[in-house]
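Numbers restart at 1 for each chain; the letters A, B, ... are given by sequence-line order, proteins then strands.
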Amino acid sequence: MNSPPHFICTPFSLMACQGLASGETLKSLKAESETLRKKLEEERKKLHDVELEKVAEKAEALGELNMKTRRTLKGHGNKVLCMDWCKDKRRIVSSSQDGKVIVWDAFTTNKEHAVTMPTTWVMACAYAPSGCAIACGGLDNKCSVYPLSLDKDENLAAKKKSVAMHTNYLSGCTFTNSDMQILTSSGDGTSALWDVESGQLLQSFHGHSADVLTLDLAPSETGNTFVSGGSDKKANVWDLRSGQNVQSFDTHDSDINCVKYYPSGDAFASASDDSTCRLFDLRADREVSIYSKDSIMFGAASVDFSLSGRLLFAGYNDYTINVWDVLKGTRVAILFGHENRVSSLRVSPDGTAFCSGSWDNTLRVRQEGRGVGRELKQGGTTLYG
Amino acid sequence: MTINTLTKGGAQREQMYCLRKMERVIVAMQDPDMGMKMRNQRLLITVIPHAMTGNDVIEWLIQKYNITEEEARHLGGLLVQYGYIYPLREPRSLLLRSDDSPYRFQTPYFWTSSRWPATELDYAIYLAKKNIRKQGELVDYEKENYSILHKRINHTWDFVVMQAREQLRASKQRRKADRIVLECQEQAYWLINKPCPGAFDVLDLGPERCNVLSSRVALNADHYRREIEHSRRALGRNRVKSSICLESFMKYSEQYLHHDPIMSGCLPSNPWISDDTSHWTINTDMVGIPTRLRVERWSFSFMELLNDSMGRREFMIYLEKEFSAENLCFWVACEDLRHGESSKIILKVEEVYKNFLAPGAARWVNIDSKTMERTLEGIKRPHRFIMDDAQMHIYFLMKKDSYPRYLKSELYKNMLAKAIVPQETKKSVFPFMRRQRHSSPSPAMVTQATEDDGKAKGAGPTGTSSTTNSQI
């Protein structure tokens, strides 16, 4: 039997080969897959009749961006790995390398809750839609839910609920439209949907060939899909109901660290170790823009859109945040301030500010002073009158 | 010590990308035509050749990448932090100074990408050299490492000391300038590969990630079959022309421009800047009169209307007038089923059937016969998604019919007319007088209160002044 040179014929792999039909070999399957993929690329190219840059020529140019740090949240004793906003637009949950998960009222900078997880590297955390619970996990391979108690003396850890179980580290988690379900991504190459109450696995998603590093739920009308990115350089779109991989994009040159949907749900952006961010259109089924610059050499770790989708904020491993004009593809600003990698970045639910978490142990909330589209304003309140 | 100095797989691959890029910059900097002008730099009484100043580095970067000085300083600083350029003065401090401090390019032998991870043997020799050269030259953590290594590789210790002595002897025979350079190079390398504990560790990478070659996922026949199946399905998929898709991005950002606080500011002021939470209080769920922007947004899409609890309420009132409120009630019940607890599924499906689908039901919804048939059949084995088809049918019915009519209705027009447009708060004359930042009731508390009361009596709006700040 012909095996490709790199494939080691262990007993397990021999068993896998036995599943082949007559005339099929592993090599032929791989070749067929390659051919189909090339054909797919050609199909996608056929409908690509214009570049985003060209279409965006008629868009107004953006003025100078003047974003300042308005709040600095200090309190983590170690690297901040992940953060999420509460729907109330002012509270934040953040998790760090030393296992601490903190809930802040970012507006007053007060810490409201703190939990110490029995694991280090808590790489994922999420706020429940109701604002009454948080979920987190990391090297413990689990995702746990903590209801937020108002009793200061109550030990949050006592009410902890173990929901998700993976066979490798937890890289991301998010609640779906309610507090009752959680979607997780893991270093074991899979994503999964769980029922919080029972801890039951509702659906699992297989298709990545390496660690799944990130996921984001679609804001679409029918609310049935999510996108994930992985170490295999692929971004996959999944159907929550069937578990099927419905679309796949593999134009990145390295690990995809973060994926985020465009506000309309028709596209998503990705941040990768190849130091670029890219925009993928779901209806055109292709990559439509790359956000990169020669002087940016380090991996992008996290992205998010401003409310209108015109701006893309991206945090990088070189401690900076670059702000991109999504339509024109140009960089609008570079923001300094963090003293180590920016690991996580989210725009607040009403778009009034964005928060970045960093390996320098702090979180910063930043806001633009005057409105970057001010060129378009004819002055003050006249537009709304 | 970093977690994964042992694995050569994924982590190193990740680092390689930015290291290679930095190396390309370094090579470009040394290009005879386009590179930097290097000259002799004076270090106390010694003259070091082929050196440059911090300023030179920054200027070159500004020219090459067309960036600001701030960005050039940052980029240059990274080159120093990663050991590609090292300082001659104060060699223990790997910072780029934007003045005439002398710097030199690190020899490729000591590039971070060439010799990584650093070997214990090399480190031992380095520490031994330092120790022999000058007693007490080893810093605390170096002394510790030295004794740890002494225990760990005790069997080769004679070799270590011999090598150290040999290298020291060889260096004594060099010119002073060369000796200084070699010492700085080596020191820079070790500052990066074995940093002081607690100090910034540039090579700290986080948990290991695997890649396809050392994959935890089996690349077997099933895997490729899945890929083939996926590609086949993708080939059959409908695609939309780029021009249409991209035009929609333009339209979307234009439509939402004034709703985007970062693009257009927000009224009366952005809470994060002014410390005034009015913007949040006037936009709560239970507010008496909504803002104009909010009501306008309901007209952008059906989703926007439904996503806003006030919009949903208004729409319900409208539907009641039209005697088609059961549609929205049905949709809400289906959402609750889809996103609720698994344990309540059977109960909820029964409720939905009883209220909306059973013949003669109090709020019977008008679904086409095929969908109804399929749904009723599916109810026999209820699961979370059993109502999806019916729900989608009703959703699109509302979207295509009731929703557009609502937007043209008196109800909506009145809402829009009486909606408020807040006055922009002028920046205060004394900007340094910061307002007190009021805390708000935690969402958890608000929910608990409503549970206790039994009825939501306009649960406390966020942002009321309760200045008792909770601290941990």
Side-chain angles (χ1 to χ4, degrees), chain A residues 16 19-20 29-30 32-33 36-37 40 47-50 52 55 70 88 108 110-112 114 121 131-132 148 150 177-178 180 189 195 197-198 209-211 221 231-232 241 245 254 264 273 281 283-285 294-295 297-298 306-310 351-353 367-368 371-373 380-381 384, chain B residues 14 17-18 21-22 65 67 71 75 78 207 209-212 215-217 220-221 224 227-228 230-231 234-235 239-243 245-247 250 252-253 256-257 259-265 270 272-273 303 339-343 385 421 424 437 439 443-445 447 462 469-472:
Chain A
L20 297 165
L29 279 179
K30 188 165 186 231
E32 191 182 345
S33 180
L36 280 173
R37 260 197 291 173
L40 186 56
L47 288 174
H48 187 59
D49 52 347
V50 70
L52 179 55
V55 173
R70 305 287 172 181
D88 78 347
T108 57
N110 290 335
K111 298 186 208 46
E112 295 194 338
W121 289 92
C132 300
L148 294 177
L150 294 151
N177 293 41
S178 75
M180 300 298 141
D195 177 62
E197 194 189 29
S198 61
S209 50
D211 305 29
E221 291 184 293
S231 275
D232 58 356
R241 254 191 83 158
N245 174 2
S254 185
S264 71
D273 274 343
D281 187 308
R283 291 170 307 169
D285 192 29
D294 275 354
S295 57
M297 297 177 218
F298 285 71
S306 72
L307 193 137
S308 64
R310 182 67 193 265
T352 49
Q367 171 44 275
E368 155 62 34
V372 77
T381 53
Y384 308 100
Chain B
E14 174 210 327
Y17 248 105
C18 54
K21 287 182 188 160
M22 281 194 279
Y65 292 112
I67 53 182
E71 194 177 350
L75 192 51
L78 286 168
R209 294 176 186 174
C210 72
N211 56 24
V212 182
S215 179
R216 295 192 186 104
V217 177
N220 54 16
Y224 288 120
E227 284 198 343
I228 290 169
H230 170 84
S231 295
L235 276 166
R239 280 179 198 83
V240 181
K241 266 201 294 191
S242 285
S243 47
C245 301
L246 301 177
E247 195 57 48
M250 295 284 296
Y252 191 92
S253 35
Y256 282 83
L257 175 64
H259 298 252
D260 185 341
I262 296 178
M263 295 288 293
S264 309
N270 189 306
W272 299 100
I273 301 174
M303 266 306 273
H339 298 119
E341 299 101 310
S342 288
S343 57
F385 301 112
V421 178
E424 182 179 4
R437 293 171 186 166
S439 61
M445 181 150 79
T447 314
T462 54
N469 296 330
S470 51
Q471 289 209 321
I472 293 183

Which atoms of B:His259 approach chain A - backbone, side chain, both or neither, heavy atom under 4.5 Å: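 When you check distances to chain A, atoms from both the backbone and side chain of B:His259 fall under 4.5 Å.
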Part of B:Leu78 within contact of chain A (heavy atom distance under 4.5 Å): side chain
Pairing residues for A:Ser178 by the side-chain hydrogen bond (donor to acceptor under 3.5 Å, both in side chains) criterion, not counting sequence neighbours: none
Heavy-atom pair count under 4.5 Å with chain B, highest-scoring of A:Ala353, A:Gly309, A:Ser33, A:Ser198: A:Ser33
Contact leader toward chain A among B:Met22, B:Glu247, B:Glu71, where contacts are heavy-atom pairs under 4.5 Å: B:Glu71
Nearest atoms (heavy-atom pairs only) where A:Leu307 meets B:Asp260: N-OD2, 3.5 Å
A:Arg70 to B:Trp272 - nearest heavy-atom pair and separation: CB-O, 3.5 Å
Min side-chain heavy-atom separation A:Arg310-B:Tyr256 under 4.5 Å: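 Heavy-atom side-chain distance check fails, nothing below 4.5 Å.
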